[in-house]
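Okay, structure first, notes after.
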Amino acid sequence: MSKEYNVAILGATGAVGRRMIDQLAKSTIPVKSVKLLASSRSAGTHLKFRNQDLVVEETTPDSFDGVDLVLSSAGGSVSKKFLPEAVKRGAVCVDNTSAFRMDEDVPLVVPEVNPEALKNHHGIIANPNCSTIQMVMALEPVRRKFGLKQIIVSTYQAASGAGQAAIDELNKESQAYLDGKNMQEDAKILPTKGDEKHYPLAFNLLPQIDVLEDSGYSHEEWKMIHETKKIMLNDMNSKDIKVTATCVRVPVPIAHGESVYFTVEDESATAEDIMDVIADFPGDVLQDDIKNQIYPQPINAEGSRDTFVGRIRPDYENKGAFNMWVVSDNLLKGAAWNTVENAEYLVKMGLI
C-alpha cells in the first residue's frame, strides 16, 4: 500500500491558496488529510476539499505537528516565520513566495525544467516567480536542443499577480471610467501597495511591478533575470546566458503574456525547428498558425495548467535570434499548479 500524506495549505483563503486546494484535489498525491491554515482574520472560514467541508484554522507553529507536506502561499514574511517551524516538525514545504528563492540551499524548481534540483532540498522547495515559470517553460526545450546565449523579455502581466484585491481594484476602476468618473480614487494598490504613489490600471499600462531599485530595474525584473539563471544554470549570477527584462502590468484579470526575444548558440536552427521542440515539450502547447490567426491569448489560457507559445519567428537582421509570444495562467502554472506539481514530483521521486 502506498504511503498517504497529511497535507497543510498555508494561505488557504487567498486566490492562489484556493487554487492550491483545487489542484491538490486533482493531483496524483495520495492524501490522507488536509489542514487549511491562514491568519486569525480568516480563521473559521469554511472551504471544500473534494467532498469534505473543512474549517480554516489560525496558523501557529503547532499547526504543523504531524504534517508531511506543506503547500504555502501566504506571503514572504509568513513563510519565513512558519516554514522553518514546519521543517523542524518533519514536514517538507513547497513555498510560492519570494522568501527562499535566492537561498543557495533552497532548490528553485519548475518540474518539467529542473526536477533533479529537488534531490537537494533540506525541507523547503521554492516556487519561482510566475513570469519566470512560463518563460523557462517555453525556452527550456530550445536551450536543450540549440543552446541559449541571450534572453530579452518584455512582460504583459495580469492584475491577479498582485492578488484578488488588485482584480477588484481593476474592476472598480473600469466601471468608474465607463461611468465618466475619476479612477484615481479607486487606485490604492498598484503598481505596488507599499509605495507612496498608486495609479489606475484600467485602460492603462504600468511599467512597474514590485519596488523600483537603485539600479533602475524593478524587483520583478531582477527576479526574472536571476531566477532564470538559477533554474537553468544552477547559478543566479551566471554569465553563460545573458538575461534582461522589462515588466509591465496590464489591465487583464488573469494570465500573463510575454514577448521573448532570444539568441541560440546553434545558428542553423530555424523557426520550424524551434516550433518542433516546443510542441514536444511536456506542459507546452504550440499555438502558431498565422494563416488562421491562431496564437496564444490570456482569455483562452485562463484555467489551464499549460504554457502556450506562438508567434515564433526569426529575427532576419540577426542570425540565430528569434521572437516568441508566451501566455500562461499566472495563478495556475505560475503559482498553484507548479506548487502542487513540485509536490507530485517529490512523491514520485521518493523525496518526501
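What you see below is based on every heavy atom in this structure, not just the backbone, and it leaves out hydrogens, waters and symmetry mates. Just so we're clear, the structure is a prediction, and the values are computed from it rather than from any experiment.
- Of the residues listed (Asn129, Leu212, Asp210), the one engaging His219 in a side chain to side chain contact (heavy atoms under 4.5 Å, CB included) is Asp210, and it is the only one.
- Side-chain atoms of Lys333 and Asn338 include a donor-acceptor pair closer than 3.5 Å.
- Identified under the salt bridge (charged side-chain N to carboxylate O under 4.0 Å, His left out) test for residues 117-131, with sequence neighbours left out: Glu116-Lys119.
- Under a 3.5 Å cut-off, the side chain of Lys229 and the backbone N or O of Ser238 do form a donor-acceptor pair.
- Note on residues 135-163: pairs passing salt bridge (charged side-chain N to carboxylate O under 4.0 Å, His left out), not counting sequence neighbours, are Glu140-Arg143, Glu140-Arg144.
- A donor and an acceptor atom, one from each side chain of Gln287 and Asn300, are nowhere located under 3.5 Å apart.
- Glu258 and Gln157 form no side-chain donor-acceptor contact under 3.5 Å, judged by distance and modelled atom types alone.
- Partners of Lys188 by side chain to side chain contact (heavy atoms under 4.5 Å, CB included), not counting sequence neighbours, listed by chain and number: Glu169.
- Pairs engaging residues 302-320 under the side chain to side chain donor-acceptor pair (under 3.5 Å) rule: Gln23-Arg305, Tyr261-Asp315, Asp315-Asn318 [sequence neighbours left out].
- For residues 49-64, the pairs satisfying salt bridge (charged side-chain N to carboxylate O under 4.0 Å, His left out) are Asp62-Arg89, with sequence neighbours left out.
- We find the CG-NZ distance between Asp103 and Lys230 to be 6.5 Å, quoted to the nearest 0.5 Å.
- A salt bridge links Lys26 with Asp22; the closest basic N to acidic carboxylate O contact falls under 4.0 Å.
- Legend: ring pair (Phe, Tyr, Trp, His ring centres under 6.0 Å) pairs involving residues 63-97, not counting sequence neighbours: none detected.
- Side chain of Thr228 to main chain of Met224: a donor-acceptor pair is present (N/O by atom type, distance under 3.5 Å, no hydrogens or angles).
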